[in-house]
Every structure is written in C-alpha cells, then in structure tokens.
Visitor: 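Mind having a look at this structure? Questions to follow.
Atoms within each ligand, like the ligands themselves, are counted from 1 in listed order. The first residue of the sequence shown is numbered 1, and numbering continues consecutively from there.
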Amino acid sequence: MIIAVSGIDTGIGKTIATGLLARALLLKGRSVITQKAVQTGCEALSDDIVVHRELMGIGLQEVDRESLTCPLVFAYPASPHLAAAMEHRRIDPEVIAKASKALQRHYQIILLEGAGGLMVPLNDELLFVDYLAREAVPLILVTSSRLGSINHTLLSLEACRHRKIVLRGLLYNRFGGEEDAAIAVDTRRFLERSLSLYGYRCPVVDLPDAASDLGKSGLEALAALVG
Ligand SMILES: Nc1ncnc2c1ncn2[C@@H]1O[C@H](COP(=O)(O)OP(=O)(O)OP(=O)(O)O)[C@@H](O)[C@H]1O
Ligand SMILES: C[C@H](N)[C@H](N)CCCCCC(=O)O
Ligand SMILES: [Mg+2]
C-alpha cells in the first residue's frame with residue numbers, strides 16, 4: 001500500500017508527520033518505510049529521509065543508501081520543476097513510481113512524502129496532486145493552526161475533490177508556539193466541519209510535537225489513519 005503525505009504548504013510539518021506516522025506503524029509491528037518523492041535543497045541523501053529515520057528510531061536503511069527512498073535530489077532549494085531545470089534535468093514521474101514499486105517488494109506500507117505543498121510542479125506538465133490522482137494514491141494532508149491555514153486547506157480540499165483523490169485524514173499541526181489559541185481552536189473546528197462539505201468522511205488528527213513524549217497512546221490515532 002502506498003499513502004502520500006502532502007501539505008497545504010512547504011514547511012508545514014510533512015516530514016515530522018511522515019516520520020511519526022512511520023514510528024506509529026512500527027510500534028504496531030507493521031512493515032513500513034518512507035519515501036520522499038523529490039528532495040530539493042540537498043546535495044546527496046535527502047534530509048527529509050534522514051529525519052524520518054530518526055523519528056522512526058532506526059538508522060539509515062540499505063534502500064536509503066541505494067537512493068531507492070529518494071531517487072530525485074536537487075541542490076537548489078526551490079520547486080522541483082525549477083530545481084531540476086537548474087541542473088538541466090526534467091523530472092520523469094515514472095522514476096518516483098518505479099521507486100515506490102521497488103520498495104513494495106520489501107515493505108507492506110510506503111509513506112510517500114511530497115515536496116512543498118499539494119499543487120507543486122514536478123515538471124511543467126505535471127503537478128504532484130495530479131501524479132497522486134494518476135497513480136490513485138490516497139492522501140494524508142498536513143495543515144496547521146497558523147493564520148491562513150483555513151484558506152490553504154480549503155483550496156487543497158477543492159483540488160482533491162476535483163481529482164477524486166481519497167483523503168485518509170487531516171493532520172493538524174499546532175507546532176510553532178506563536179499561535180493564537182482562539183484561532184487554533186476555531187481553525188480545527190472549522191476544518192473538521194468543512195471535510196463533510198467536501199464529501200470527505202475522514203478524521204482530523206492532532207500531530208504531536210516531535211519533542212514531546214511520544215508514548216504509544218499519542219501515536220495510536222496516527223496509525224489508525226493508515227489502517
Ligand atoms: N509537530 C512538530 N514537532 C516538532 N517540530 C516540528 C513540528 N512541525 C514542524 N516542525 C519543525 O518545523 C520545520 C518544518 O517542518 P517540516 O520539515 O516537517 O516541514 P515540511 O512540510 O516537511 O517541509 P518541506 O516542504 O521542506 O518538506 C522543521 O524544522 C520541523 O522540525
Ligand atoms: C525547498 C523547500 N524546502 C521544498 N523542498 C520545496 C518547496 C517548493 C514550493 C513551490 C511553491 O509552492 O512555490
Ligand atoms: Mg519535508
């Protein structure tokens with residue numbers, strides 16, 4: 001099974017979410033690995049993959065060293081289409097799909113972290129959200145309590161509904177500390193009610209602070225998103 005982890009923006013908490021989801025599944029004895037669709041702003045090994053393994057409590061795996069978990073790495077910290085073009089390359093989405101299929105020969109669950117937000121271009125003809133629709137990959141979407149998240153989340157739900165993407169749930173990330181409590185509480189309420197308006201019957205699950213005590217209970221709800 002492949003499940004994508006995307007978000008309403010870059011820097012929203014996808015890497016933390018992917019790593020904690022994988023940790024939760026490992027704690028339940030599930031066979032799981034994470035994959036990064038495209039990594040920009042890196043020279044060699046994907047920084048996000050390294051963080052996933054730390055959060056999973058495991059070291060780098062052979063599939064990481066073989067670049068199977070992130071075959072597309074570009075140096076410039078930009079959108080994948082631009083970072084690739086700056087190296088005179090063009091992203092072939094088949095490379096992502098083939099890596100996922102190769103990982104499925106070793107693992108039952110592949111958690112596929114996107115790059116940036118949901119509608120980020122892989123190349124001038126294909127957005128990541130369209131890749132998910134084409135490959136029929138279900139999605140866990142990371143959002144936040146930051147002011148502005150309502151708009152970004154509803155736009156993402158519109159994009160998902162229009163493409164008939166299966167949404168497994170929203171991960172609500174309150175990390176950042178500077179949040180306004182009234183906004184944080186109401187944003188979660190409003191997004192929860194919005195899901196059904198977009199035809200989705202999936203939960204909003206709080207994303208723990210990765211520095212908090214990640215006992216089993218805190219991660220149960222995360223594992224339930226994968227099923
Ligand atoms: N729940 C959290 N607990 C701890 N740290 C967090 C949490 N959410 C976000 N952060 C921190 O905020 C920063 C951005 O988070 P993260 O790297 O997960 O974003 P991202 O969506 O994966 O970004 P990118 O688009 O670059 O992949 C990181 O420094 C991360 O450690
Ligand atoms: C460099 C950054 N950390 C991400 N890897 C890529 C973010 C791409 C965002 C593109 C955009 O929405 O304008
Ligand atoms: Mg990331």
Side-chain angles (χ1 to χ4, degrees), residues 3-24 33-57 64 69-87 89 91 96 110-132 139-146 148-149 151-153 155-156 159 169-179 184 187-188 204-215 218-219 221-222 225:
I3 296 185
V5 179
S6 188
I8 64 167
D9 202 351
T10 183
I12 201 72
K14 297 187 304 297
T15 296
I16 301 295
T18 306
L20 293 186
L21 279 160
R23 179 191 185 93
I33 196 69
T34 67
Q35 179 186 353
K36 176 78 172 178
V38 184
Q39 178 76 65
T40 65
C42 274
E43 292 293 337
L45 198 64
S46 158
D47 289 349
D48 285 2
I49 289 291
V50 172
V51 174
H52 296 166
R53 300 294 170 263
E54 287 166 1
L55 290 170
M56 292 167 76
D64 300 326
T69 49
C70 186
L72 296 167
V73 179
F74 301 99
Y76 202 76
S79 177
H81 77 288
L82 175 59
M86 293 180 94
E87 298 181 20
R89 294 164 64 188
I91 289 170
I96 303 170
I110 316 298
L111 298 178
L112 175 65
E113 180 184 346
L118 190 59
M119 297 185 84
V120 157
L122 297 175
N123 56 46
D124 280 359
E125 289 74 37
L126 187 71
L127 303 177
F128 183 63
V129 69
D130 292 316
Y131 171 80
L132 297 183
L139 171 67
I140 292 171
L141 185 70
V142 182
T143 182
S144 85
S145 57
R146 292 177 198 163
S149 294
N151 173 58
H152 293 308
T153 308
L155 287 169
S156 298
L170 284 184
L171 277 180
Y172 192 62
N173 190 8
R174 293 186 63 163
F175 179 82
E178 78 284 347
E179 73 173 22
T187 296
R188 194 186 196 289
V204 177
V205 173
D206 292 316
L207 180 66
D209 182 327
S212 65
D213 171 24
L214 296 173
L219 298 176
L222 292 183
L225 286 176

Visitor: Look at the side chain of S46 and the backbone N and O of I49, then say whether any donor-acceptor pair between them is shorter than 3.5 Å.
Guide: yes
Visitor: Hey, is atom 29 (O) of ligand 1 touched by any protein heavy atom at less than 4.0 Å?
Guide: no
Visitor: If we ignore angles and hydrogens, is there a donor and acceptor under 3.5 Å between the side chains of S144 and N173?
Guide: no
Visitor: Measuring from non-hydrogen atoms of G7 to any atom of ligand 1, is the shortest distance under 4.0 Å?
Guide: no
Visitor: Has R53 got a side-chain atom pairing as donor or acceptor with G19's backbone, closer than 3.5 angstrom?
Guide: no
Visitor: With the threshold set at 4.0 Å, does a side-chain nitrogen-carboxylate oxygen contact exist between R174 and D206?
Guide: no
Visitor: Which atoms from ligand 1 have a heavy atom of E113 less than 4.0 Å away?
Guide: 22 (O), 27 (O)
Visitor: Taking atom CG of L126 and atom CD1 of I91, what is their separation to the nearest 0.5 Å?
Guide: 9.5 Å
Visitor: Of all N, O or S atoms in E113, identify the one at the shortest distance from the Mg ion (ligand 3).
Guide: OE2
Visitor: Would you mind telling me if ligand 1 is within reach of the side chain of P208, the backbone, both or neither, using heavy atoms under 4.0 Å?
Guide: backbone
Visitor: For the atom pair CZ (F175) and CD1 (I16), what is the distance rounded to the nearest 0.5 Å?
Guide: 7.5 Å
Visitor: Pick out which of D9, T187, T143 makes a side-chain hydrogen bond (donor to acceptor under 3.5 Å, both in side chains) with T153.
Guide: T143
Visitor: Judged by atom type as modelled, is there a donor-acceptor pair below 3.5 Å linking the side chain of R23 to the main-chain atoms of L55?
Guide: yes
Visitor: So, is G11 polar-close to ligand 1, with some N/O to N/O distance under 3.5 Å?
Guide: yes
Visitor: Could you check whether K36 pairs with D47 (Lys NZ or Arg NE/NH1/NH2 to Asp/Glu carboxylate O, under 4.0 Å)?
Guide: no
Visitor: Under 2.8 Å from the Mg ion (ligand 3), is there an N/O/S atom belonging to T10?
Guide: no
Visitor: Is a donor on one side and an acceptor on the other found under 3.5 Å between the side chain of Y172 and the backbone of A184?
Guide: yes
Visitor: Looking at ligand 1, is there an atom of it that comes within less than 4.0 Å of some heavy atom belonging to R174?
Guide: no
Visitor: Could you say whether the N/O atoms of I16 and ligand 1 ever approach to under 3.5 Å?
Guide: yes
Visitor: State, yes or no, whether a side-chain contact exists between P208 and L20 at a heavy-atom distance under 4.5 Å.
Guide: yes
Visitor: May I ask you to list the atoms of ligand 1 that are less than 4.0 angstrom from any heavy atom of D48?
Guide: 27 (O)
Visitor: For G114 and ligand 1, does the shortest N/O to N/O distance drop below 3.5 Å?
Guide: no
Visitor: Within a distance under 4.0 Å of any heavy atom of G116, pick out the atoms of ligand 1 and give their elements.
Guide: 25 (O)
Visitor: Judging by distance only, is a nitrogen or oxygen of K14 under 3.5 angstrom from one on ligand 1?
Guide: yes
Visitor: Taking only heavy atoms of T10, which atoms of ligand 1 are found under 4.0 Å from at least one of them?
Guide: 24 (P), 25 (O), 26 (O)
Visitor: Checking a contact table here: which protein heavy atom is nearest atom 12 (O) of ligand 1, and how many Å away?
Guide: F175 CE2, 3.9 Å
Visitor: Considering only heavy atoms, which protein residues lie less than 4.0 Å from any atom of ligand 2?
Guide: T10, T40, P77, A78, S79, G116, V120
Visitor: To the nearest 0.5 Å, what is the distance between CG on L118 and CG on L155?
Guide: 10.5 Å
Visitor: Check whether any side-chain N or O of K14 sits under 3.5 Å from a backbone N or O of G116 as a donor-acceptor pair, and report yes or no.
Guide: yes
Visitor: Under the 4.0 Å line, does any protein heavy atom show up next to atom 4 (C) of ligand 1?
Guide: yes
Visitor: Roughly how far, to the nearest 0.5 Å, is the OH atom of Y76 from the CE atom of M86?
Guide: 4.5 Å
Visitor: Specify whether the nearest protein heavy atom to atom 9 (C) of ligand 1 is under 4.0 angstrom away.
Guide: yes
Visitor: Within ligand 1, which atoms have a heavy atom of K36 less than 4.0 Å away?
Guide: 27 (O)
Visitor: Mark the output for G41 as yes if a heavy-atom distance to ligand 1 is under 4.0 Å, and as no if none is.
Guide: no
Visitor: Using 0.5 Å steps for rounding, measure from the CG atom of L225 to the CG atom of L171.
Guide: 5.5 Å
Visitor: Is the count of non-hydrogen atoms from other residues, nucleotides or ligands lying under 6.0 Å from N151 atom CG greater than 12?
Guide: yes
Visitor: How wide is the angle at the Mg ion (ligand 3) between OG1 in T15 and OD2 in D48, to the nearest 10°?
Guide: 90°
Visitor: Is the closest side-chain donor-acceptor distance between E113 and T15 under 3.5 Å?
Guide: yes
Visitor: Give a yes or no on whether D47 keeps an N, O or S atom under 2.8 Å from the Mg ion (ligand 3).
Guide: no
Visitor: May I ask you to identify, for V142, whether its side chain, its backbone, both or neither come under 4.0 Å of ligand 1 on a heavy-atom basis?
Guide: neither
Visitor: I need the atoms of ligand 1 closer than 4.0 Å to a non-hydrogen atom of A210, numbered in the order shown.
Guide: 2 (C), 3 (N), 4 (C)
Visitor: Taking atom OG1 of T18 and atom CG of L111, what is their separation to the nearest 0.5 Å?
Guide: 6.5 Å
Visitor: For atom 19 (O) of ligand 1, what's the nearest protein heavy atom and its distance?
Guide: G13 N, 3.2 Å
